[in-house]
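First comes the structure, then the notes that go with it.
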Amino acid sequence: DDEPEEEGKGQGKGKGSPYQEPLRPFLQCVFERLVLAGGPEAFTLVAKELSQDPRINVNSTGCACSYPACPSLLEVALDYQHLDMSRMLIDSGRLEPNPELMQLRLRTERDENEKQVWWAAGDYRDSSRDRNSFVDSIVENFDTRERTVSRCIQEQGWSNLPFAKKYFQTYRKAVEDALADDIDSIYQWAHWEG
């Protein structure tokens, strides 16, 4: 076997390094543990630096067996009230809302208790309401993880940040898509003349 070795292979450095791939899960684990631990400012500074590393997935999620399914790092950091880490994730510029996951959770919540959607819609007997007003009410009142995240973002004064604006828009669209049949039924009920 006299073929020349690819440059960088087996040398412990460079693009082809055999040490690069095993490092990825380790760095991801360190990053997630820092975010979940919260704590001293030094942890946030290290996590901030790691959040810019392309090997780090700031959008990683937990187990599908969790409730609600697949919590994001942002959601868990907010659960633990690690506002410094939450803001660091948002400021990373790499955090993305996940519309498919939002829709999955909305459908799951609806399937568990269909009446919740109707309650969240507000007064469905008011025939002066249009479809958008029902969507607004559901976004504001339907008890979901995304609503909790939205409220925390608002309470912290982060609503004008690019991620926050995108998150609010994505969640509203997810509500409209995942609960379209329910919203249509509520609207029709409000405008039914019997």
Side-chain angles (χ1 to χ4, degrees), residues 32 35-36 38 57-83 85-92 94-194:
E32 291 177 11
V35 170
L36 300 179
N57 179 5
V58 299
N59 296 292
S60 66
T61 59
C63 178
C65 63
S66 301
Y67 185 82
C70 307
S72 69
L73 281 175
L74 175 63
E75 292 167 345
V76 177
L78 289 171
D79 284 348
Y80 289 134
Q81 299 180 0
H82 297 319
L83 297 177
M85 290 295 183
S86 301
R87 181 62 189 254
M88 177 278 303
L89 287 167
I90 290 170
D91 289 344
S92 75
R94 298 180 61 217
L95 204 57
E96 291 292 330
N98 185 333
E100 292 82 16
L101 183 58
M102 289 178 176
Q103 289 181 30
L104 171 72
R105 289 178 178 174
L106 285 161
R107 288 185 190 107
T108 301
E109 288 292 327
R110 183 212 44 230
D111 291 347
E112 288 179 6
N113 185 354
E114 189 176 324
K115 291 178 183 175
Q116 245 189 29
V117 177
W118 284 71
W119 291 329
D123 188 359
Y124 51 86
R125 295 167 299 199
D126 181 355
S127 63
S128 68
R129 295 183 68 190
D130 64 6
R131 192 176 191 284
N132 281 332
S133 75
F134 288 116
V135 173
D136 291 340
S137 293
I138 292 168
V139 167
E140 183 62 33
N141 299 314
F142 195 39
D143 191 17
T144 63
R145 176 62 74 96
E146 290 76 13
R147 183 192 75 170
T148 303
V149 171
S150 295
R151 286 193 174 163
C152 184
I153 287 171
Q154 292 165 344
E155 289 167 5
Q156 295 304 312
W158 301 341
S159 295
N160 289 326
L161 298 174
F163 170 79
K165 291 176 182 178
K166 189 172 185 179
Y167 189 88
F168 299 151
Q169 291 169 351
T170 304
Y171 180 52
R172 181 183 175 82
K173 178 86 169 97
V175 166
E176 290 180 283
D177 292 348
L179 304 177
D181 291 344
D182 301 274
I183 295 165
D184 289 341
S185 295
I186 293 166
Y187 179 78
Q188 289 169 3
W189 180 269
H191 292 88
W192 180 67
E193 300 205 11

### Query
Glu32 versus Ser60: any side-chain heavy-atom pair under 4.5 Å?
yes
### Query
In Å and rounded to the nearest 0.5 Å, what is the CG to CD distance from Leu101 to Gln103?
10.0 Å
#### Entry: ring-ring contact (aromatic ring centres under 6.0 Å, His included) partners of Phe134, counting only residues at least two apart
none
### Task
For Tyr171, check ring-ring contact (aromatic ring centres under 6.0 Å, His included) against everything at least two apart and list the hits.
none
### Task
Using salt bridge (Lys or Arg N to Asp or Glu O under 4.0 Å) as the criterion, list what pairs up with Arg131, not counting sequence neighbours.
Asp184
### Query
How close do Thr170 and Pro99 get, heavy atom to heavy atom, and via which atoms?
CG2-CB, 3.7 Å
### Task
Measure from the side-chain N and O atoms of His82 to the backbone N and O of Leu36, and report whether any donor-acceptor pair falls under 3.5 Å.
yes
### Message
Test of understanding: with ring-ring contact (aromatic ring centres under 6.0 Å, His included), list the residues that count as partners of Phe168, not counting sequence neighbours.
### Response
none
In a table with atom names and distances, give each donor-acceptor pair under 3.5 Å that connects a side chain of residues 149-163 to protein atoms at least two apart or in another chain.
unit_1 : atom_1 : unit_2 : atom_2 : d
Ser150 : OG     : Glu146 : O      : 2.9
Arg151 : NH2    : Glu140 : O      : 2.9
Arg151 : NH2    : Glu140 : OE2    : 3.1
Trp158 : NE1    : Gln156 : O      : 3.4

### Task
Kindly indicate whether the side chain of Leu89, heavy atoms from C-beta on, has any atom under 4.5 Å from the side chain of Leu73.
yes
### Query
Got a second to check how far Tyr187's OH is from Asp130's CG, nearest 0.5 Å?
7.0 Å
### Message
How about CG on Asp181, more than 12 heavy atoms from neighbouring residues, nucleotides or ligands closer than 6.0 Å, or not?
### Response
no
### Query
Could you walk me through whether Ile138 and Arg147 pass the side-chain contact (heavy atoms from CB on, under 4.5 Å) check?
CA-CA 10 Å; Ile138 292 168; Arg147 183 192 75 170; over 6 Å; no
### Query
Mind checking what makes side chain to side chain donor-acceptor pair (under 3.5 Å) contact with Ser133, not counting sequence neighbours?
Arg129
### Minimum heavy-atom distance Ala121-Ile186, with the two atoms named
CB-CD1, 3.7 Å
### Task
Just jot down the salt bridge (Lys or Arg N to Asp or Glu O under 4.0 Å) partners of Asp136, sequence neighbours excluded, or say none.
Arg172
#### Entry: Test side chain to side chain contact (heavy atoms under 4.5 Å, CB included) applied to Asp182 - qualifying residues, sequence neighbours left out
Arg110, Glu114, Val117, Leu179
## Note on the structure
Sorted by chain and number, sequence neighbours left out, side chain to side chain donor-acceptor pair (under 3.5 Å) with Glu96 holds for Lys166
#### Entry: For Asn57, side chain to side chain donor-acceptor pair (under 3.5 Å) partners two or more places apart
none
### Message
Test: salt bridge (Lys or Arg N to Asp or Glu O under 4.0 Å). Region: residues 57-77. Which pairs qualify, not counting sequence neighbours?
### Response
Glu75-Arg105, Glu75-Arg145
### Message
Go through it in stages, so that I can follow the logic: the residues are Leu78 and Thr148, the test is side-chain contact (heavy atoms from CB on, under 4.5 Å), and I'd like the CA-CA distance, side-chain angles, deciding distance and then a yes or no.
### Response
CA-CA 9 Å; Leu78 289 171; Thr148 303; over 6 Å; no
#### Entry: Where Asp126 and Ala190 come nearest, the two heavy atoms and their spacing
O-CB, 4.0 Å
### Query
Can you list the steps and then say if Ser185 with Trp118 is a side-chain contact (heavy atoms from CB on, under 4.5 Å)?
CA-CA 9 Å; Ser185 295; Trp118 284 71; 4.0 Å; yes
### Message
Which residues pass the side chain to side chain donor-acceptor pair (under 3.5 Å) test with Glu109, not counting sequence neighbours?
### Response
Tyr67
### Query
So how far is it from Asp79 CG to Leu74 CG, rounded to the nearest 0.5 Å?
9.5 Å
### Query
Would a distance-only check, ignoring hydrogens and angles, find a side-chain to backbone donor-acceptor pair under 3.5 Å from Asn59 to Arg94?
yes
### Spatial distance of atom CD (Glu100) from atom CG (Asp177) [nearest 0.5 Å]
10.0 Å
### Query
Can you find a pair of side-chain heavy atoms, one from Gln116 and one from Phe142, that are under 4.5 Å apart?
yes
